[in-house]
Amino acid sequence: MTQEPLDTGGLVQPFRVLLVCEANHCRSPLAEHLLRAQISQHPAVPWVVSSAGLRAPDGVPAHPHVERVLRERGVNSEGWVSRGLSPQLVTDADLILTAELAHRRHIVRLQPAAVAKTFPLLTFATWLRNAGPAVSSAPLLDRAMFGRARTQPMAPRTEELADPLGHSLRRFRACARLLDDAFEPFISPVS
């Protein structure tokens with residue numbers, strides 16, 4: 001159905017997803033909690049979902065609007081705090097999804113080997129949608145690469161998750177709805 005866990009000599013390792021934005025204050029914590037909430041409805045999916053920011057100070061709570069949007073959806077974010085992106089987080093992740101194209105470029109400059117596992121989140125979601133039913137049981141990254149070959153180039157503005165910082169609660173709710181839509185093919189392959 002989704003990414004298969006890694007089998008390392010009888011020990012199953014979870015699939016590690018890292019969501020990255022600028023400050024780990026709005027977009028990536030919202031994405032982290034929403035993806036984790038969707039995955040929790042599918043307990044057979046052994047994923048670890050986390051987030052970080054390129055220029056994030058460690059230990060800052062999520063933006064109050066993020067916390068409110070999550071509360072409205074029944075998602076508990078109590079105790080969550082920001083953290084800065086580190087080379088170790090990049091190394092440990094199986095998949096890195098970024099809010100913007102510039103975030104992807106930064107990560108790939110930090111660790112060139114991450115190029116094969118780092119993608120703009122909205123682009124990756126589009127690839128999954130375009131993969132079709134023929135590969136619906138394939139691991140997540142394989143489905144995305146199949147869908148990539150079937151996707152026309154996207155305009156940069158459609159590849160980036162706009163930062164709601166400095167905007168109203170309504171903009172944060174719109175960001176959450178966009179993330180809900182983006183994460184749908186992660187768990188339930190589009191047929």
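Note that the structure is a prediction, hence the values are computed from the model and not measured. Numbering of residues begins at 1 and proceeds along the displayed sequence.
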Between Leu110 and Val90, is there a side-chain heavy-atom distance shorter than 4.5 Å?
yes
Which heavy-atom pair separates Asn24 from Ala56 by the least distance, and what is that distance?
CB-CB, 3.7 Å
Cluster check Leu19, Val108: I/L/V/M/F/W/Y, side chain < 4.5 angstrom:
no
Taking the side chain as everything from C-beta on, heavy atoms only, tell me whether Leu18 gets closer than 4.5 Å to Leu95.
no
Flag, side chain of Ser82 to backbone of Val60, donor-acceptor distance under 3.5 Å
yes
How are the rings of His33 and Trp80 set to each other: parallel, tilted or perpendicular (split at 30° and 60°)?
perpendicular
Checking Gln38 against Asp180 for the side chain to side chain contact (heavy atoms under 4.5 Å, CB included) test, could you report, in this order, the C-alpha distance in whole Å, the side-chain angles of both residues, the deciding distance, and whether it holds?
CA-CA 9 Å; Gln38 282 197 19; Asp180 288 337; 4.2 Å; yes
Carboxylate-amine/guanidinium proximity below 4.0 Å for Glu100 and Arg27:
yes
Please check if the side chain of Arg68 supplies one atom and the backbone of Phe172 the other of a donor-acceptor pair under 3.5 Å.
no
Smallest separation among heavy atoms of Val115 and Arg104, with atom names
O-NH2, 3.0 Å
Is any side-chain heavy atom of Phe124 closer than 4.5 Å to a side-chain heavy atom of Thr98?
no
Has the side chain of Arg55 got a donor or acceptor atom that lies under 3.5 Å from a matching backbone atom of Ala23?
no
Any heavy-atom pair between the side chains of Asn130 and Phe146 that's under 4.5 Å?
no
If I take atom CZ from residue Arg73 and atom CG from residue Leu30, how far apart are they, to the nearest 0.5 angstrom?
7.5 Å
Hey, quick one: are Leu179 and Leu169 part of the same hydrophobic cluster, counting side-chain heavy atoms closer than 4.5 Å, chains of contacts allowed?
yes
Quick one: does any side-chain atom of Lys117 pair with a main-chain N or O of Leu141 as donor and acceptor, under 3.5 Å?
no
Rounded to the nearest 0.5 Å, the CZ atom of Arg83 sits from the OG atom of Ser86 at a distance of 7.0 Å
Using 30° and 60° as the class limits, which term best fits the ring planes of Phe183 and Phe186: parallel, tilted or perpendicular?
perpendicular
Between Ser168 and Arg173, does any side-chain donor sit less than 3.5 Å from a side-chain acceptor?
no
Shortest non-hydrogen pair, Leu128 vs Ala144, comes out as CD2-N, 3.6 Å
Beyond-backbone contact of Asp163 with Cys26, side-chain heavy atoms, under 4.5 angstrom
yes
With a 4.5 Å heavy-atom cut-off, do Leu34 and Leu70 have their side chains touching?
yes
Heavy atoms only: give me the nearest Glu160-Leu101 pair and the separation to one decimal.
OE2-N, 3.1 Å
Should Ile96 and Leu140 be counted in the same cluster of Ile, Leu, Val, Met, Phe, Trp and Tyr side chains packed under 4.5 Å apart?
no
Taking all heavy atoms of Ala52 and all of Ser28, pick out the closest pair and write down the distance.
O-OG, 3.6 Å
Apply the test side chain to side chain contact (heavy atoms under 4.5 Å, CB included) to residues Arg129 and Thr126: give CA-CA distance (whole Å), side-chain angles for both, the deciding distance (0.1 Å), then the verdict.
CA-CA 5 Å; Arg129 271 203 175 70; Thr126 299; 5.6 Å; no
Considering non-hydrogen atoms only, spot the tightest contact between His103 and Val20 and give its length.
ND1-O, 3.9 Å
So do Leu178 and Leu122 actually touch side chain to side chain, heavy atoms under 4.5 Å?
yes
Euclidean distance, Ser51 OG relative to Leu97 CG, rounded to 0.5 Å:
11.5 Å
Would you give the length of the straight line joining atom CZ of Arg36 to atom CD of Gln41, rounded to the nearest 0.5 angstrom?
14.0 Å
What distance separates His63 NE2 from His167 NE2, expressed to the nearest 0.5 Å?
10.5 Å
So if you build clusters from Ile, Leu, Val, Met, Phe, Trp, Tyr with side-chain heavy-atom gaps below 4.5 Å, do Val48 and Leu89 land together?
no
So if you build clusters from Ile, Leu, Val, Met, Phe, Trp, Tyr with side-chain heavy-atom gaps below 4.5 Å, do Leu161 and Ile107 land together?
no
Check the angle between the aromatic planes of Trp127 and Phe119 and answer parallel, tilted or perpendicular using the 30° and 60° thresholds.
perpendicular
Any side-chain donor paired with an acceptor under 3.5 Å for Glu32 and Ser50?
no
Does any part of the side chain of Glu67, heavy atoms only, come nearer than 4.5 Å to the side chain of Pro61, both counted from C-beta?
yes
Using a cut-off of 6.0 Å, state whether more than 12 heavy atoms not belonging to Arg171 lie near its atom CZ.
no
